[in-house]
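Below is one structure, written out as structure tokens, with a few remarks after it.
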Amino acid sequence: MTNHAGHRSIEQKAGRNAEPVLRALALARSIRVLPWLGLGIASVLPYANALHAGFVFDDWIQIRGNPAVTSELDWFKILAVPLFPGNLYRPLTVATFALDRAWFGWEAWWFHAVNIGLHTGVSLLVAAIGLRLFPRSPAMGWLAAAIFAVHPQHTEAVTGLVGRAELLAALFGLATLLCFEQGRRSSMPWRMRGWMALALTSFTLALLAKESALTVLPLALLYVLAVSGTWSLPGAGQELFRLDWLAFLACAAAVLVLRGLAVGFLGTGGEIDPVDNILASVPVWQRVATALAVQWEYFSQFCFPLVLSADYSYPQIVPVGHAFHPATWATVALVAGIGWVAWRAEGPVAFAALFPLVAFSLTSNLLFPIGTVRGDRLAYFPSIGWCWWLAGALCLTRRWLPTPVMGALAVSLLVAYGLRTYERNADWADQATLFTRTAQDSPYSSKAHKNYAVALRDAGRLDEARLAYQRAWELYPRDEGIAFGLGEVCDRLGRSSEAELWYRKALAIDPKHVGSWNNLCRLYVLQARWAEAEQACRAGLRQNAAHANLWKGLGLTWLNRGNANAGREALLIALRLAPKDETLRGYIESLAAPKEDEP
């Protein structure tokens, strides 16, 4: 007979013996989750006050003033219309803004919450890649990801809403690297095809978020070589001959064709304003030398992020006067050191060393000039490599310092970076706060002082606005916008003669500046200078025949010069162009009907 009682006793003992093992496994799983949870919290906490920020600076152009975002969801418009100034093609970024507005209206906190969530996702992917690169030094991978999560240089990309293009491109770019490598590791064909499809999708989405994500392609090649142990020129040659790359090249070509259809294949959206990027207006050698110097400024700011600015326009950054500028050669020395490391070190270290160079290649002004000379948000993706450098340097201190001391240094650095990030977020609270701070942080930027003047003008602080405009004019006396702004402020202060002078200066720079012609016309009408008013109105209408105020000024001028019929017709045209102008409607109705001319 079978001894069932004995069996039950054995099973009960086995169950009791297994319980500690199961509890240990559950504890181990929870411990593995803790670093990821901690990193997620570290990514969010420094940006908690960003939820109180509003729409500022470029947000008003790219989001609040973008028809693809403000109107009903129109996927064709999102795909077909470029972003201001007409040479930016980022349909995925625009689509996320449109969905935010459709779901939550113009609640700024939601837009900021999405950016913070995307930044958290990028930080987690930085950790995942770091752990794959340095499996024998997980502390380095976690530390680099934590530095990335809290670093204040990233506030423009995270707290500035238009920085979402950087976040999306980084998120899907890093996902491309991980999926591509997983596909290479998979032994089963169906798994390999699945991972490669995910990598291809991520790469396409990164390109649709921002064009510079094209650098993900060479980074994917270097990453696979680094983690597979085939870091060598022969290994790179063998990898390049694999057919997988053709699919990625085809996707890149398709996105570039879409961009060409939206932006134009030959045009680039107009000339680059020298104020935004003076490097577009200098010889090639000077552009390259200055771009190298700017790279040193980026790296220095990463190490010591004390001064951060939303604008570095001319003449905050000026072209170097010679090829032996110290910052230029500091970058050359740094690049030479990186090259030596890439040649001599193992694959993971070499990849970490090369990452910033490759990631920055299309937005550094080295290969060609872009729309801006420098922007903190442009360093978001390349700074991943710098985070690995800094984490590696801190981990090396364990050779000379006790581990607790090294840990204290790392924690102190993270806390300092996190507090600086939290402090920096407050600068993005509103237009006035940001422009005031930018004028302080970039004291030689004409654009910063111009924006500061606009904020003061809108606040009704006209005397201070006039001084800010004058400072901007001193820095760059070739900007018609500054002259026009000075004219407007002087006009509102009752300084008519000064206003006229500044409007004339604006027109001397740009004879097609309609705003100046319109304000001159109004000024002359108020002063009953009818001949000059007519001349100003006609000149403005030659530039914009659908300008209601210019037609109104011309009509009033003709009426006062005795040409009643023409004056009334001009006023009717103005009313058709501005049908909500009830004051004009009432004035027209008050006019006596013109008498027919006798034969």
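For the atom pair CD1 (I63) and CZ (F97), the distance works out to 3.5 Å, reported to the nearest 0.5 Å. The distance from atom CG of L362 to atom CD1 of I370, rounded to the nearest 0.5 Å, is 9.5 Å. To the nearest 0.5 Å, atom CD1 of residue I482 and atom CD of residue E474 are 10.5 Å apart. Atom OG1 of T436 sits about 7.0 Å away from atom CD of Q440, to the nearest 0.5 Å. A distance of 10.5 Å separates OG1 of T438 from CD of Q316, quoted to the nearest 0.5 Å. With rounding to the nearest 0.5 angstrom, the CZ atom of R259 is 12.5 Å from the CG atom of L208.
Partner of W502 under the ring-ring contact (aromatic ring centres under 6.0 Å, His included) criterion, chosen from F484, Y469, W473: W473. Considering E166, H154, H119 as possible partners of Y380, the one that fulfils the side-chain hydrogen bond (donor to acceptor under 3.5 Å, both in side chains) test is H119.
Of the possible polar contacts, none joining the W106 side chain to the R64 backbone as a donor-acceptor pair under 3.5 Å is found. Checking side-chain atoms of Y298 against main-chain N and O of G375 turns up a donor-acceptor pair under 3.5 Å. Of the possible polar contacts, none joining the Q543 side chain to the V514 backbone as a donor-acceptor pair under 3.5 Å is found. Judged purely by atom type and a 3.5 angstrom limit, T93 uses its side chain to pair as donor or acceptor with the backbone of A209. In this structure a side-chain-to-backbone donor-acceptor pair under 3.5 Å is present from W60 to F55. In this structure, the side chain of D427 does not engage the main chain of L434 through any donor-acceptor pair within 3.5 Å. The main-chain N or O of V320 is found under 3.5 Å from a side-chain atom of T290 such that the two form a donor-acceptor pair. Without hydrogens or angle criteria, Q62 side chain to L83 main chain gives no donor-acceptor distance under 3.5 Å. The main-chain N or O of A545 is found under 3.5 Å from a side-chain atom of W551 such that the two form a donor-acceptor pair. Using a distance-only test at 3.5 Å, with no hydrogens or angles considered, no donor-acceptor pair links the side chain of D376 to the main chain of A157.
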Exercise. Check the pair T433 / D430 against side-chain hydrogen bond (donor to acceptor under 3.5 Å, both in side chains), numbers first and verdict last.
Key: CA-CA 5 Å; T433 304; D430 50 51; 2.7 Å; yes
Quiz item: Do R164 and D100 pass the salt bridge (charged side-chain N to carboxylate O under 4.0 Å, His left out) test, and can you show the C-alpha distance, the side-chain angles, and the key distance before you say yes or no?
Solution: CA-CA 12 Å; R164 187 174 298 181; D100 286 346; 2.6 Å; yes
Exercise. Determine, step by step, whether N425 and T159 satisfy the side-chain hydrogen bond (donor to acceptor under 3.5 Å, both in side chains) criterion, reporting the C-alpha distance in whole Å, the side-chain angles of both residues, the deciding distance to 0.1 Å, and the verdict.
Key: CA-CA 6 Å; N425 290 332; T159 311; 2.6 Å; yes
Exercise. Could you walk me through whether K552 and D581 pass the salt bridge (charged side-chain N to carboxylate O under 4.0 Å, His left out) test, one step at a time?
Key: CA-CA 11 Å; K552 185 194 299 186; D581 191 339; 2.9 Å; yes
Practice problem: Could you check Y314 against Y444 for ring pair (Phe, Tyr, Trp, His ring centres under 6.0 Å), going step by step and ending with a plain yes or no? | Solution: CA-CA 7 Å; Y314 183 82; Y444 299 105; over 10 Å; no
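Between D311 and R374, none of the side-chain N atoms (NZ, or NE/NH1/NH2) sits under 4.0 Å from a carboxylate O, so this pair counts as no salt bridge. A salt bridge links E500 with R529; the closest basic N to acidic carboxylate O contact falls under 4.0 Å. Salt-bridge check for E534 with R538: passed, with a basic side-chain N closer than 4.0 Å to an acidic carboxylate O. Salt-bridge formation is detected for the pair R522/D491: a Lys NZ or Arg NE/NH1/NH2 atom is positioned less than 4.0 Å from an Asp or Glu carboxylate oxygen.
Remark: D59 pairs with no residue by the salt bridge (charged side-chain N to carboxylate O under 4.0 Å, His left out) rule, at least two apart or across chains. Judged as a side chain to side chain donor-acceptor pair (under 3.5 Å), and not counting sequence neighbours, T204 has no contacts.
Contact check for F381 versus L174: side-chain heavy atoms found under the 4.5 Å cut-off. Residues V489 and L456 have side chains not in contact (no heavy-atom distance under 4.5 Å, counting atoms from C-beta outward). The shortest distance between side-chain heavy atoms of Q527 and S496 falls below 4.5 Å. Counting heavy atoms from C-beta outward, W75 and I78 have side chains that approach closer than 4.5 Å.
Between Y417 and H151, the angle of the ring planes lies from 30° to 60°, which puts this pair in the tilted group.
Atom CD of Q470 is surrounded by more than 12 heavy atoms from other residues, nucleotides or ligands within 6.0 Å.
A donor-acceptor pair shorter than 3.5 Å cannot be found between the side chains of T215 and S361.
Residues F57 and F435 place their aromatic rings such that the two centres sit under 6.0 Å apart.
When all heavy atoms of V122 and L167 are compared, the pair lying nearest together is CG2-O, 3.6 Å.
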